[in-house]
Number of protein chains: 2
Amino acid sequence: MEKYVKILKDNNMKITSHRINVLRYLDKHCTHPTADQIYTDLKTNNPSLSKTTVYNALDALESHGIIQAITISGSELHYDITHEMHHHFYCKKCGKIIDIEFCCPNINKMSEYGHEVEEVHGYIKGICKKCIKKGS
Amino acid sequence: MEKYVKILKDNNMKITSHRINVLRYLDKHCTHPTADQIYTDLKTNNPSLSKTTVYNALDALESHGIIQAITISGSELHYDITHEMHHHFYCKKCGKIIDIEFCCPNINKMSEYGHEVEEVHGYIKGICKKCIKKGS
DNA sequence: TTACAAAATTGTAATCATTATAATTTAACA
DNA sequence: TGTTAAATTATAATGATTACAATTTTGTAA
Ligand SMILES: [Mn+2]
Ligand SMILES: [Mn+2]
Ligand SMILES: [Zn+2]
Ligand SMILES: [Zn+2]
């Protein structure tokens, strides 16, 4: 059984080709794409795909914790497969979102506050290495 | 000279009553309001206020680093006066944004990546203490 | 298999936060 | 006090996302 079929099955989700494609896309691309980017890319091999289906698939996958929405840009959602906790860097110049492979040890302190923690997002914004080079 | 006038002056910004009002509003309210909430509240004492002016004032204040946009909700921007670095908790039930008074020590490691850091945002999402109580 | 019910997909229209535009007013400064 | 650049205003436009209703597909049970 394909890896992505198993993930959907394990989460009691109906198996559809669109969901598999969206999930595979996010697994293969570490670019943190938007719904529109996923839609445009998948549509080339599947012209009948509707953008609403991409939104629906993303919502369904997110509600099961299989993927996460990244709100770093402030104007549109980006998506990422849920795996080891990591942070994200957003370049204000080129818009790229880059993985930052550490995370905050103080998150443990959250229990003191009495809130129930479901997600942790670390967003760092600035100018990326490449854009600094180009600019100088 | 009023505190807020000084802030604007120090940043070489033109002094306008609207900018002062927006700035004072953010300083007095620790609720992380949206542009619309600020607009609605300020309009009661100043009916000629335009929503575009609130957006413009927020953009101007943000571009000078006096305030920060919080992208935690994913659907609309919330604003906060820039002061000591802290994180934010977002309740998925009631939508409230609560200050979390610690921050990530690993941010220092960012220099290893070669990116130029301008902003650091720590967003934690879940169910707030009050909503947990209500729900049980 | 076949048949059925629940859920997914589709295309379109609606929503809502934000931005663009152009006319008018105001702040800063000589 | 007059001039000029910038701020304000009202309105229109944009763009991401959601709502909706008709159609198709999935999972399951006869
Ligand atoms: Mn990532
Ligand atoms: Mn805050
Ligand atoms: Zn860049
Ligand atoms: Zn709450």
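We name chains A, B, ... by the order of the sequence lines, and we start the count at 1 in each one.
Set against D/dT9, C/dA27, C/dT18, the side chain of B/Lys14 has C/dA27 as its closest nucleotide. Relative to the side chain of B/Leu49, the nucleotides D/dA7, D/dT9, C/dT9 differ in distance, and D/dT9 lies closest. Looking at the side chain of A/Tyr55, the nearest of the listed nucleotides D/dT17, C/dT9, D/dG27 is D/dT17. When distances are taken from the side chain of B/Thr16 to each of D/dT8, D/dT17, C/dT21, the shortest belongs to D/dT8.
Regarding A/Asn12, its CG atom lies at a distance of 17 Å from the P atom of C/dA6, rounded to whole Å. Distance, B/Asn46 CG to D/dA7 C1': 14 Å, rounded to whole Å. Remark: P of C/dA17 and CG of B/Leu58 are 14 Å apart, rounded to the nearest angstrom. Going from atom CD of A/Glu76 over to atom P of D/dT14 covers 18 Å, rounded to whole Å. Distance B/Ile38 CD1 to C/dA17 C1': 14 Å, rounded to the nearest Å. The distance from atom CG of B/Leu8 to atom C1' of C/dA27 is 12 Å, rounded to the nearest whole Å. Rounding to whole angstrom units, CG of residue B/Asp59 and C1' of D/dA6 are separated by 15 Å. If you measure from atom CG of B/Asn21 to atom C1' of D/dA7, you get 14 Å, rounded to the nearest angstrom.
Comparing B/Ser17 and A/Pro47 against DNA chain C, the residue whose closest nucleotide sits nearer the 5' end is A/Pro47. Each of B/Arg19 and B/Lys51 lies near DNA chain D, and the nucleotide nearest B/Arg19 is the one positioned closer to the 5' end. For the pair B/Ala35 and A/Val54, both in contact range of DNA chain C, the more 5′-proximal nearest nucleotide belongs to A/Val54.
Classification of the A/His29-A/Tyr25 ring pair by plane angle, with boundaries at 30° and 60°, yields parallel.
Across all strands shown, A/Ser75 has heavy atoms under 4.0 Å from sugar-phosphate atoms exclusively, and none from any base. The residue B/Asp36 sits apart from the nucleic acid: no heavy atom pair falls under 4.0 Å.
Residue pairs meeting the ring-ring contact (aromatic ring centres under 6.0 Å, His included) criterion with at least one partner in residues 90-110 of chain A, sequence neighbours excluded, are A/His87-A/Phe102.
A distance-only check finds no donor-acceptor pair linking the side chain of B/Tyr123 to the backbone of A/Tyr123 [under 3.5 Å].
Side chain to side chain, A/Asn56 and A/His18 fail the donor-acceptor criterion of an N or O pair below 3.5 Å.
Considering only side-chain N and O atoms, B/His18 lies nowhere under 4.0 angstrom from the phosphate OP1 or OP2 of C/dT26.
Evaluation of atom-type donor-acceptor distances gives no pair under 3.5 Å for the side chain of B/Ser48 against the base of D/dT8. Interface remark: the A/Thr52 side chain does form a donor-acceptor pair with the C/dT12 base, using a distance-only criterion of under 3.5 Å.
Linking Ile, Leu, Val, Met, Phe, Trp and Tyr whenever their side-chain heavy atoms come within less than 4.5 Å leaves A/Leu77 and A/Ile97 in two separate clusters.
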